[in-house]
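Okay, so here's the structure we're looking at.
Everything quoted here is computed from the prediction, not taken from an experiment.
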Amino acid sequence: MAFDVVIVGAGPAGLAAAIRLKQAAPDLSVVVLEKGSEVGAHILSGAVIDPVGLDSLLPDWREGDSPVAQPVTADRFLWLGPAGALRLPNWLMPPLMSNHGNFIASLGDLCRWLADKAEALGVEVFPGFAATELLTDDAGAIVGVATGDMGIGKDGEAKAGFQRGMELRAKYTLVAEGARGSLTKQLVARFGLDEGRDPQKYGLGIKELWRIAPERHRPGLVQHSFGWPLDNRTGGGSFLYHYGDNLVAVGFVVHLNYANPHLSPFATFQQFKTHPAIGSVLDGGERLSYGARAITEGGWQSVPKLVFPGGALVGCAAGFVNVPRIKGSHNAILSGMLAADHVAAAVAAGRAHDELADYEAAWRDSPIGRDLKPVRNVKPLWSKFGTIAGVALGGLDMWLNTIGLSLFGTLKHGKPDHAATKPAAATRTIEAASPDGRTTFDRLSSVFVAGVSHEEDQPPHLHVRDMALQKASEHDVYGGPSALYCPAGVYEWVGEGESLRYQINATNCVHCKTCDIKDPNQNIDWVPPEGGGGPNYRGM
């Protein structure tokens with residue numbers, strides 16, 4: 001199938017690019033591929049949405065049936081201790097940390113709405129199709145993608161109902177897979193897009209959606225916190241957002257450069273909910289959904305070269321999340337629009353399969369760059385000095401950046417996240433409390449409410465390159481951290497001694513990509529399963 005533009009990923013970046021392309025050039029043929037069973041099925045975010053992107057893309061979005069309807073009415077910043085909380089005064093926060101004028105919403109619902117807008121303009125949107133292969137011409141330029149075959153058994157043989165994947169060829173291919181996408185990894189390696197850049201940094205975000213008692217609901221309240229239950233050397237923080245019909249989005253982010261392999265981000269999140277400042281809100285409520293997703297945290301220093309022969313990276317595939325603001329959807333939309341403008345101009349000029357050099361040159365002086373540059377030192381300061389001193393120094397640097405100054409210039413991130421993990425023998429063990437089934441839960445029940453579904457008889461989509469290395473290093477040296485960092489119970493070390501084996505429960509996978517990021521030997525490779533597999537998030 002031939003198109004002018006193929007877009008991989010129906011998140012805010014991919015859909016914004018599709019809409020902008022049709023706004024700029026209605027005759028362009030544009031297709032969006034989405035590996036989830038429907039648009040929004042794999043979308044997970046807080047989400048407090050800065051409307052700057054929507055205002056640019058669809059200026060009249062407030063006048064229609066947009067799912068972005070709850071304005072922020074109050075901001076709270078808390079430092080948590082084991083039993084209490086210290087509220088930080090809002091005047092202490094740099095101006096860019098204010099959520100005044102922002103909205104609380106489900107990003108998945110927003111993407112469903114954007115997909116409708118795109119289709120109304122003539123964009124073809126294909127959910128349930130995972131792009132698994134890059135297509136190239138004789139010169140090595142990207143000329144499109146291929147979707148994965150359907151109906152292949154674990155033995156690699158075709159089953160009844162086998163369906164061959166499709167080749168979708170295009171003049172330009174925009175990759176909007178989100179954080180740590182499989183095609184993005186291939187493109188970065190093939191074209192050296194990370195040369196001269198800092199390593200990309202990541203966090204693991206875990207979220208639950210609750211319906212709480214009406215008397216505890218504070219529509220429009222945005223609450224962020226840091227501190228307990230993480231120690232000072234482990235970066236991370238939490239959020240609690242009130243919106244909708246007595247809904248609360250509660251979540252926790254752990255920076256994946258943590259050192260202790262005994263740490264379980266999932267268990268930490270469950271423990272966090274027992275804090276009086278959190279548990280008192282959730283008490284008597286009902287958990288509706290659960291999910292987890294890796295988040296790009298490298299920012300300004302880690303954004304790779306965005307263009308390659310035949311296409312470009314947009315959104316979280318490019319790493320446009322603003323870490324201290326815990327926001328990325330606005331930059332995702334803006335990057336999709338920016339790339340679309342340059343694609344439309346290139347096609348109008350009769351070009352194809354070349355580098356969109358003007359897009360690469362433009363982003364740092366665009367609203368995206370102006371959003372990311374002032375916060376560029378927050379993450380490296382946090383990593384170097386710990387939470388207390390790092391947050392204080394990061395806040396000071398953000399204040400100075402409001403007048404164009406910085407004490408630190410542009411700091412380096414240092415080593416990638418997987419290299420931060422220490423051997424198990426050099427770290428303390430961490431005991432996790434048993435879940436109570438009311439406020440705290442186990443991983444398997446959480447996977448159930450995430451709506452995870454995979455065809456069981458298919459080739460594994462989690463590839464361990466060297467199983468002997470996994471035993472000798474991941475297990476024997478690092479204590480098997482994959483059994484702890486995975487928020488879905490995918491990985492287990494089963495048995496003892498000679499009978500010890502590595503069990504991979506691939507059907508539990510929520511596609512968070514943490515294993516691909518945090519394995520200490522980079523020995524696990526996440527690739528897409530059959531299209532339509534994975535979580536089916538609602539309201540997330």
Side-chain angles (χ1 to χ4, degrees), residues 1-11 14-15 17-18 29-43 115 118-119 123-138 140-178 180-191 308-314 317 352-353 452-463 506-507 509 511 513 516 525-536:
M1 300 176 67
F3 297 89
D4 290 311
V5 186
V6 167
I7 299 171
V8 180
L15 292 168
S29 57
V30 181
V31 64
V32 180
L33 296 177
E34 167 55 42
K35 66 181 176 64
S37 61
E38 63 175 357
V39 173
H42 291 179
I43 296 293
E119 288 181 320
V123 175
E124 296 186 57
V125 181
F126 294 162
F129 290 90
T132 61
E133 182 183 350
L134 297 165
L135 304 178
T136 58
D137 63 14
D138 292 340
I142 303 302
V143 296
V145 298
T147 63
D149 295 340
M150 307 282 280
I152 301 290
K154 287 182 178 180
D155 58 3
E157 299 296 322
K159 302 183 295 185
F162 167 77
Q163 183 178 349
R164 186 73 169 140
M166 299 184 297
E167 287 191 2
L168 296 100
R169 295 182 172 264
K171 297 173 182 175
Y172 293 99
T173 301
L174 297 181
V175 178
E177 298 175 298
R180 197 70 169 198
S182 56
L183 295 185
T184 304
K185 279 181 61 179
Q186 295 176 45
L187 289 164
V188 169
R190 177 177 297 187
F191 296 106
F308 48 86
L313 305 177
V314 295
H353 308 145
V452 177
S453 175
H454 291 93
E455 168 58 50
E456 294 196 21
D457 185 14
Q458 65 171 298
H461 71 280
L462 300 159
H463 298 172
T507 55
C509 182
H511 300 198
K513 318 291 179 62
D516 197 297
D525 191 29
W526 188 98
V527 300
E530 277 193 7
N536 286 278

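Here the CD atom belonging to Glu455 is positioned 9.0 Å from the CE atom belonging to Met150, to the nearest 0.5 angstrom. Ile43 contributes atom CD1, which lies 6.5 Å from atom CD of Glu34 (distance to the nearest 0.5 angstrom). Separating the CG atom in Leu15 from the CD atom in Glu119 is a distance of 9.0 Å, to the nearest 0.5 Å. Here the straight-line distance linking atom CZ of Phe126 with atom CE of Met166 works out to 6.0 Å at 0.5 Å rounding. Note that the CG atom of Leu187 and the CG atom of Leu134 stand 4.5 Å from one another [nearest 0.5 Å].
Residues Glu177 and Lys35 have side chains not in contact (no heavy-atom distance under 4.5 Å, counting atoms from C-beta outward). Ile7 places none of its side-chain heavy atoms less than 4.5 Å from the side chain of Val31. Proximity of Val39 to Val32: side-chain heavy atoms (C-beta onward) are nowhere separated by under 4.5 Å. Under the 4.5 Å side-chain criterion, counting only non-hydrogen atoms from C-beta, Phe162 is in contact with Ile152.
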Open item on the list: Determine whether Arg190 and Thr136 satisfy the following criterion, side-chain contact (heavy atoms from CB on, under 4.5 Å), listing intermediate values before the conclusion.
Closed with: CA-CA 12 Å; Arg190 177 177 297 187; Thr136 58; 2.9 Å; yes

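Here the shortest heavy-atom pairing between Ala130 and Pro528 reads CB-CB, 3.9 Å. Nearest heavy-atom pair across Cys509 and Val452 is O-CG1, 3.5 Å. Here the shortest heavy-atom pairing between Asp149 and Arg164 reads OD2-NH1, 2.7 Å. For the pair Thr507 and His454, the tightest heavy-atom approach, listed with the atom from each and the gap, is O-ND1, 3.1 Å. Of all heavy-atom pairs spanning Ala131 and Val8, the tightest one is CB-CG1, 3.8 Å. Summarising the geometry of Trp526 relative to His461, their closest heavy-atom pair is NE1-CD2, 3.6 Å, with the distance given to 0.1 Å.
Judged by distance alone, with hydrogens and angles left aside, the side-chain atoms of His353 form no donor-acceptor pair with the main-chain N or O of Gly140 at under 3.5 Å. In this structure a side-chain-to-backbone donor-acceptor pair under 3.5 Å is present from Lys159 to Asp457. Ser29 places a side-chain N or O within 3.5 Å of a backbone atom of Asp4 that can act as its donor or acceptor partner. Between the side chain of Glu38 and the main chain of Pro127, no donor-acceptor pair closer than 3.5 Å is present. Listed for the Thr173 side chain is no donor-acceptor partner under 3.5 Å among the backbone atoms of Val6. Proximity of a side-chain donor or acceptor of Gln458 to a complementary backbone N or O of Pro529 within less than 3.5 Å is not detected.
By the 30° and 60° cut-offs, the orientation of the rings of Phe308 relative to Phe191 is parallel.
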